[in-house]
Amino acid sequence: MPSKLKTYLIIVLAATSLVSGLIAWNQSKRLAALQSELLKTDTPVVAKPRSASDPMPILPAVTETQTAAPRIEATTTEAFIEETAASQRPRSGTTRPNFAALMANPEFAQAMNLQQRAALDARYAALFKKLNLTPAELDKLKNLLVERQSARMDVMAASRENGLNPRENRDELNKLVAEAQAEVDANIKGTLGEPIFNQYQNFEATQPQRNLVSQLDQRLSYSSSPLNGTQADFLVNALAASKAPNADTGGGPGNWGGGASRTTITDAVIQQAQSVLTPDQVSALQQLQAEQKAQQQIREIMRAPASGTNAPSR
């Protein structure tokens, strides 16, 4: 290679290296500056202590939408009315809903009637199926059941119109409700006959047992041994017959497994069930029994500190 060409290439290579170095140095400098800005941005801001002479900061107003809790759809007649009337109350919430005035509104009364009739199937579908009534008879029964459910609401509305206090006159109001419902029961018996009325009364009396059997039915519904109608009726009757008159029906927080309607699965019920249930179904019933015993144990442990026997020392 000629010496002049070699010298020229060396000069070009040196110049290229110098330019590349300058570019790299400039990029490194810019990167360092950018990192410094980011660190300034991420640094937490320390609030300056406010002196007594400084004005109070003005905070943005919180809207009702931001603070309102999620609404729960009303599932009972009284809750439905309470929810509807709440929309008509002043923001102070001090005004009681005027049920009599609400029911005087034809649109409200019609909507309430439809809501109550729609709720009947959730409670009485099994009864309606067993009674096998004609469409006309079933319609009469539904109307009477809606009337019976409205008895408490009607009594409460009348009591408020007459200045009665639900807390101070509870016994008197309960008596009025019982009398109103008894009158509807007499209408059911007179309209549809005593046999249908007796089946209705038995259905109402065994509702707690039906709820427990329904729980068992749900557990077995996705198994290879679901309950059939005969098995369910047998369990309802066995649970009703074994109900202890002085059974502990108290509940823990949230009434876990407690309440006046709690039905206990006894060993006698398990033994009787073995004659009509499959082994898998009996096993599921025993599992429910074990859960009830665990709930009872929870209640006893939680009550112990309140009695002072196992209270921690201070």
Side-chain angles (χ1 to χ4, degrees), residues 72 74-86 88-89 92-104 108-109 112-113 115-117 119-120 122-124 127 141-191 194 197-212 239-240 243-264 296 299 302-303 306-307:
I72 301 177
T75 57
T76 64
T77 300
E78 294 181 4
F80 177 80
I81 293 181
E82 181 71 17
E83 181 183 10
T84 304
Q88 303 177 1
R89 297 178 187 171
S92 61
T94 57
T95 303
R96 302 285 296 183
N98 190 335
F99 294 142
L102 288 172
M103 292 305 295
F108 181 86
M112 275 299 308
N113 184 270
Q115 189 268 345
Q116 289 177 295
R117 287 180 67 89
L120 290 177
R123 181 180 178 90
Y124 296 106
L127 175 65
L141 178 58
K142 287 186 175 181
N143 288 336
L144 289 170
L145 291 177
V146 169
E147 183 179 346
R148 192 180 195 279
Q149 291 180 355
S150 302
R152 178 174 295 276
M153 178 185 66
D154 294 339
V155 169
M156 296 302 295
S159 67
R160 287 170 182 166
E161 290 294 322
N162 291 277
L164 294 179
N165 189 314
R167 294 183 179 179
E168 297 177 357
N169 307 98
R170 178 173 301 180
D171 293 339
E172 181 180 354
L173 293 177
N174 287 337
K175 181 180 179 181
L176 292 174
V177 171
E179 291 175 353
Q181 292 179 339
E183 183 178 351
V184 177
D185 288 343
N187 289 336
I188 295 176
K189 185 176 180 179
T191 302
E194 187 172 356
F197 176 72
N198 290 339
Q199 291 185 65
Y200 156 72
Q201 276 200 320
N202 179 70
F203 187 89
E204 287 280 48
T206 57
Q207 192 64 46
Q209 290 77 27
R210 294 182 185 279
N211 291 339
L212 180 58
L239 289 168
K243 184 178 179 181
N246 296 322
D248 178 13
T249 56
N255 203 25
W256 299 337
S261 62
R262 188 171 68 89
T263 300
T264 302
Q296 177 65 25
R299 288 193 295 271
M302 296 183 68
R303 288 173 181 174
S307 63

Check your understanding: Does Glu183 have any salt bridge (charged side-chain N to carboxylate O under 4.0 Å, His left out) partners at least two apart in sequence or in another chain, and if so, which?
Key ->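 So Glu183 forms no salt bridge (charged side-chain N to carboxylate O under 4.0 Å, His left out) with any residue.
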
**Study point:** Pairwise distance CG(Asn169) to NZ(Lys175) - rounded to 0.5 angstrom
**Key:**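 If we round to the nearest 0.5 Å, Asn169:CG and Lys175:NZ are 13.0 Å apart.
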
Exercise for review: Kindly determine whether Arg123 and Glu204 satisfy side-chain contact (heavy atoms from CB on, under 4.5 Å), including the steps that lead there.
Suggested key: CA-CA 10 Å; Arg123 181 180 178 90; Glu204 287 280 48; 2.8 Å; yes

Quick one: closest heavy-atom pair of [X] and [Y], and the distance?
{"X": "Leu173", "Y": "Val155", "value": "O-CG1, 4.0 Å"}
{"X": "Leu127", "Y": "Gln199", "value": "CD1-O, 4.0 Å"}
{"X": "Leu239", "Y": "Thr264", "value": "CD2-O, 4.0 Å"}

Exercise for review: For the residue pair Arg117 and Asn143, confirm or rule out a side-chain donor-acceptor distance under 3.5 Å.
Suggested key: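 Yes, Asn143 and Arg117 have a side-chain donor paired with an acceptor closer than 3.5 Å.
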
Report yes if the side chains of [X] and [Y] come closer than 4.5 Å at any heavy-atom pair, otherwise no.
{"X": "Leu120", "Y": "Gln149", "result": "yes"}
{"X": "Val177", "Y": "Gln181", "result": "yes"}
{"X": "Gln209", "Y": "Thr206", "result": "yes"}

Practice item. Test Arg210 against Gln207 for side-chain hydrogen bond (donor to acceptor under 3.5 Å, both in side chains), laying out the working first. Key: CA-CA 5 Å; Arg210 294 182 185 279; Gln207 192 64 46; 5.4 Å; no

Check your understanding: Hey, mind stepping through Tyr200 and Asp185 against side-chain contact (heavy atoms from CB on, under 4.5 Å) and telling me if it holds?
Key -> CA-CA 10 Å; Tyr200 156 72; Asp185 288 343; 3.8 Å; yes

Exercise for review: Determine, stepwise, if the pair Lys189 / Leu144 fulfils side-chain contact (heavy atoms from CB on, under 4.5 Å).
Suggested key: CA-CA 10 Å; Lys189 185 176 180 179; Leu144 289 170; over 6 Å; no

Review point. Counting heavy atoms not belonging to Lys142, are there more than 12 under 6.0 Å from its NZ?
Key: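 Yes, enclosed.
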
Point to revise | Intermediate values then yes/no, side-chain contact (heavy atoms from CB on, under 4.5 Å), Asn113 and Val146 | key: CA-CA 7 Å; Asn113 184 270; Val146 169; 4.0 Å; yes

